[in-house]
Number of protein chains: 2
Amino acid sequence: MEPIEVFKALSNESRLQILHWLKDPEKHFTPHEGIDMRKIGVCVSQVTDKLKMTQSTASQYLSILQRAGLIKTERIGKYTYYKRNEETIREIGAFFNNEI
Amino acid sequence: MEPIEVFKALSNESRLQILHWLKDPEKHFTPHEGIDMRKIGVCVSQVTDKLKMTQSTASQYLSILQRAGLIKTERIGKYTYYKRNEETIREIGAFFNNEI
DNA sequence: TTGACATATCGATAATTTGCGATATTATAA
DNA sequence: TTATAATATCGCAAATTATCGATATGTCAA
């Protein structure tokens, strides 16, 4: 967990939103056939629609969040699903309380 | 408290360090004649020395941290002292736990 | 008042980030 | 196989950030 990388990832309105939306995905995303969003996550297209930005941008933002350790990914067929990585998020909370 | 502004302020090694040093200033800064660092804070020159960057840069970094609400300032004579703003820091911790 | 510090601000250049369109890659279904 | 859909990556221009030197501003002491 690289604090600077994490804070950079969080320094952007869209990326903050993605992370927030993923906290309660059923509330924010339109369902995906036979996928439990809570367990599996949401795919890039779902995020793209919600963000109202290009697929390219959505994909990159998800990638930035993932490299920072804030979300994790699972490929199922031609879809890539992303969901929150609660462990890392807790770690950052701890870092914030102890080091900052 | 503007989360994006806060995370941007924290997205820099030097600024993170300043904030960390200020947590226990006596441990990290050389004393200033008759000033209780814990109560009053440390001045720009002290931070400049510790940072090993120019006075200009140190002053700007302190200003960025202050605008983000992470530190507060008090001018005494020709010195400007900065210390942590624990209230805001707590607020951000809460934001992090609740919104992110 | 003037000189000497401490700090803030301005203007500049290099580096990084933003967000896009175009294209490459991967996986499925026909 | 091939057409198609989903995703990733590349290369770009615009915007923002990093860091500096130079200079302005504020404050005290002589």
Side-chain angles (χ1 to χ4, degrees), chain A residues 2-19 22 29-35 37 40-68 70-83, chain B residues 2-19 22 29-35 37 40-68 70-83:
Chain A
E2 202 50 62
I4 299 280
E5 196 178 3
V6 171
F7 290 128
K8 280 186 183 176
L10 296 174
S11 296
N12 175 282
E13 187 69 42
S14 303
R15 290 193 299 261
L16 264 193
Q17 292 229 45
I18 293 173
L19 217 52
L22 285 176
F29 297 96
T30 55
H32 219 217
E33 357 91 44
I35 290 290
M37 288 193 256
I40 304 296
V42 305
C43 74
V44 181
S45 311
Q46 288 170 296
V47 175
T48 301
D49 291 349
K50 186 89 178 147
L51 260 191
K52 288 173 181 157
M53 289 181 156
T54 65
Q55 179 271 328
S56 164
T57 300
S59 177
Q60 282 186 86
Y61 281 2
L62 288 166
S63 170
I64 287 168
L65 287 168
Q66 196 210 327
R67 280 199 300 275
L70 291 161
I71 60 180
K72 44 190 179 180
T73 183
E74 180 182 1
R75 178 118 197 185
I76 298 180
K78 58 180 169 180
Y79 299 95
T80 309
Y81 296 95
Y82 290 93
K83 67 175 172 182
Chain B
E2 202 50 63
I4 301 280
E5 195 178 2
V6 170
F7 290 128
K8 281 187 182 174
L10 296 174
S11 295
N12 175 283
E13 187 69 42
S14 302
R15 290 192 299 260
L16 264 193
Q17 292 229 47
I18 293 172
L19 217 52
L22 284 177
F29 296 96
T30 54
H32 219 218
E33 354 91 43
I35 290 290
M37 288 194 256
I40 303 296
V42 305
C43 73
V44 181
S45 311
Q46 287 171 296
V47 175
T48 301
D49 291 350
K50 186 90 177 147
L51 262 190
K52 288 173 181 158
M53 289 181 156
T54 64
Q55 178 271 327
S56 164
T57 299
S59 177
Q60 282 186 89
Y61 281 1
L62 288 166
S63 170
I64 287 169
L65 287 169
Q66 195 209 328
R67 279 198 301 275
L70 292 161
I71 59 179
K72 43 191 180 179
T73 184
E74 179 182 2
R75 177 118 198 186
I76 298 181
K78 58 181 171 180
Y79 299 95
T80 309
Y81 295 96
Y82 289 91
K83 67 174 172 184

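Proteins get letters first, then strands, A, B, ... in listed order; numbering begins at 1 in each.
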Inset, instruction - Answer with base, sugar-phosphate or nothing: what part of the nucleic acid does A:Thr57 contact at a heavy-atom distance below 4.0 Å? - result: base
Check whether [X] reaches the backbone of [Y] with its side chain - one donor and one acceptor, N or O, closer than 3.5 Å.
X	Y	result
B:Gln46	B:Thr30	yes
B:Arg75	B:Gly77	yes
A:Gln60	A:Thr57	no

Inset, instruction - Please work out which of the three classes, parallel, tilted or perpendicular, describes the rings of A:Phe7 and B:Phe7, given edges at 30° and 60°. - result: parallel
Whole-Å distance between [N] [atom2] and [X] [atom1]?
X	N	atom1	atom2	result
B:Asp49	C:dA6	CG	C1'	12 Å
B:Asn12	D:dC20	CG	P	11 Å
A:Leu65	C:dT17	CG	P	14 Å
A:Gln46	D:dA5	CD	C1'	15 Å
A:Gln60	D:dT7	CD	P	15 Å
B:Gln55	D:dT23	CD	P	15 Å
A:Ile40	D:dA6	CD1	C1'	17 Å
A:Ile18	C:dT18	CD1	P	12 Å

side-chain N/O [X] vs [N] OP1/OP2, d < 4.0 Å:
X	N	value
B:Tyr82	C:dA6	no
A:Ser56	D:dT9	no
A:Ser63	D:dA8	no
B:Ser45	C:dA6	no
A:Ser59	D:dA8	yes
B:Ser11	D:dT17	no
A:Arg15	C:dT18	yes

Inset, instruction - Side chain of A:Cys43 only, please: which of D:dG21, C:dA6, D:dT7 is the nearest? - result: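 The listed nucleotide nearest to A:Cys43's side chain is D:dT7.
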Legend entry - Among C:dA27, C:dT16, D:dG26, the one nearest A:Lys78 by side-chain distance: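 Among the listed nucleotides, the one closest to the side chain of A:Lys78 is C:dA27.
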Inset, instruction - Provide the closest heavy-atom pair for B:Thr54 versus B:Thr48 in the form atom of the first, atom of the second, distance. - result: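 Nearest heavy atoms, B:Thr54 then B:Thr48: C-CG2, 3.8 Å.
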